[in-house]
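Notes follow once the structure below has been shown.
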Protein chains: 2
Amino acid sequence: MNIGTAAKKSGLSVKTVRFYSNIGLISPDKSSDSNYRIYSIQDVEKLLFVGKARKFDFSIEECRELLSLYENKDRPSSEVKKITLKKIKEIEQRMAELDSLRTELKRVSKNCSGDQRPDCPIIGFLAEKNRS
Amino acid sequence: MNIGTAAKKSGLSVKTVRFYSNIGLISPDKSSDSNYRIYSIQDVEKLLFVGKARKFDFSIEECRELLSLYENKDRPSSEVKKITLKKIKEIEQRMAELDSLRTELKRVSKNCSGDQRPDCPIIGFLAEKNRS
DNA sequence: TATAAAGTCTCCCGTAAGTGGAAGGTCAAG
DNA sequence: CTTGACCTTCCACTTACGGGAGACTTTATA
């Protein structure tokens, strides 16, 4: 099948699928006469795999690694688990960061009247010189 | 003062301060003979302001807006509050996303033995075709 | 005073993961 | 035979800088 069909089946955009081909993540055969990319069912399955991994915040390089594990039937499950646990840790760290930002922003916005008066503690907070 | 001093006082890198100058976010005067940037105390205060806002996840464009409100002594506090509440909402949305990712990743990794055996439910999960 | 070192300048390339568009080749239908 | 859909490569753009080259200015040292 051509790239448009593969894109549709995998739920990715043509641009994205072509991008994955260009970076050697999922490289289909090429028709020698028309230079069109030709995708197999297996390629579409890999596209679906990567599409899902991307949704779960794995980077392209992580996807590359997961994909090679996916293709290697003898992979030890410990490899996959390691990558996943690392990702969970990253997510939790980012969540903690965001949580402290949110707390601080809520704190300063609570004291802001939000009306026509120019007095604004949020601006004051941002303008504060912190002694850290 | 020169850019190096301003950078040190604001806690930003020279590269960053020069970048802010180039995009017109904080534009100091230039010495006509040497073409060096000359920063005032007020410029440094703006750099500190933006540095803090950036730490709180405001984008450059949001910083530009906040900075103009910071400079405008007659601004209504409602403007600032609006931007801040929007940012809080964004942060909360992102946190919710990350939370569902984390939950799902934890769920699938719990069932993975993580040993030398090739059987891995995480791979299986990523390879699943979801009917959405 | 001569020179070396530090600081600054502009310009270009790279990042992650694509998106958008231009210019041109290919294919099926009417 | 031509239109239109699809495909190709290539280039530019996005965010918010960081790295480095090569040239210039200023400062410190011998």
Look at the side-chain N and O atoms of [X] and state whether any lies under 4.0 Å from the OP1 or OP2 oxygen of [N].
{"X": "K30(A)", "N": "dT9(D)", "value": "yes"}
{"X": "R18(A)", "N": "dT19(C)", "value": "no"}
{"X": "R54(B)", "N": "dT15(D)", "value": "no"}
{"X": "S13(A)", "N": "dT19(C)", "value": "yes"}

Of the options [options], whose atoms approach the side-chain atoms of [X] most closely?
{"X": "F19(A)", "options": "dG21(C), dA17(C), dT8(C)", "result": "dA17(C)"}
{"X": "T16(B)", "options": "dA17(C), dC17(D), dG19(D)", "result": "dC17(D)"}
{"X": "Y36(A)", "options": "dT26(C), dA16(D), dG18(C)", "result": "dT26(C)"}

Quick one: do the T16(A) and S13(A) side chains pair a donor with an acceptor below 3.5 Å?
yes
Consider only side-chain N and O atoms of S21(B) and S27(B), and report whether a donor and an acceptor are under 3.5 Å apart.
no
Verify ring pair (Phe, Tyr, Trp, His ring centres under 6.0 Å) between F125(A) and F56(B), making sure each step is shown before the conclusion.
CA-CA 11 Å; F125(A) 165 70; F56(B) 281 86; 5.4 Å; yes
Tell me, with the steps shown, if S40(B) and D43(B) meet side chain to side chain donor-acceptor pair (under 3.5 Å).
CA-CA 5 Å; S40(B) 65; D43(B) 288 330; 3.2 Å; yes
For dG18(C), does the base pair up with any side-chain atom of Y20(A) as donor and acceptor (N or O, under 3.5 Å, distance only)?
no
Categorize R37(A) for me: base, sugar-phosphate, or nothing, with a 4.0 angstrom heavy-atom threshold over every strand shown.
sugar-phosphate
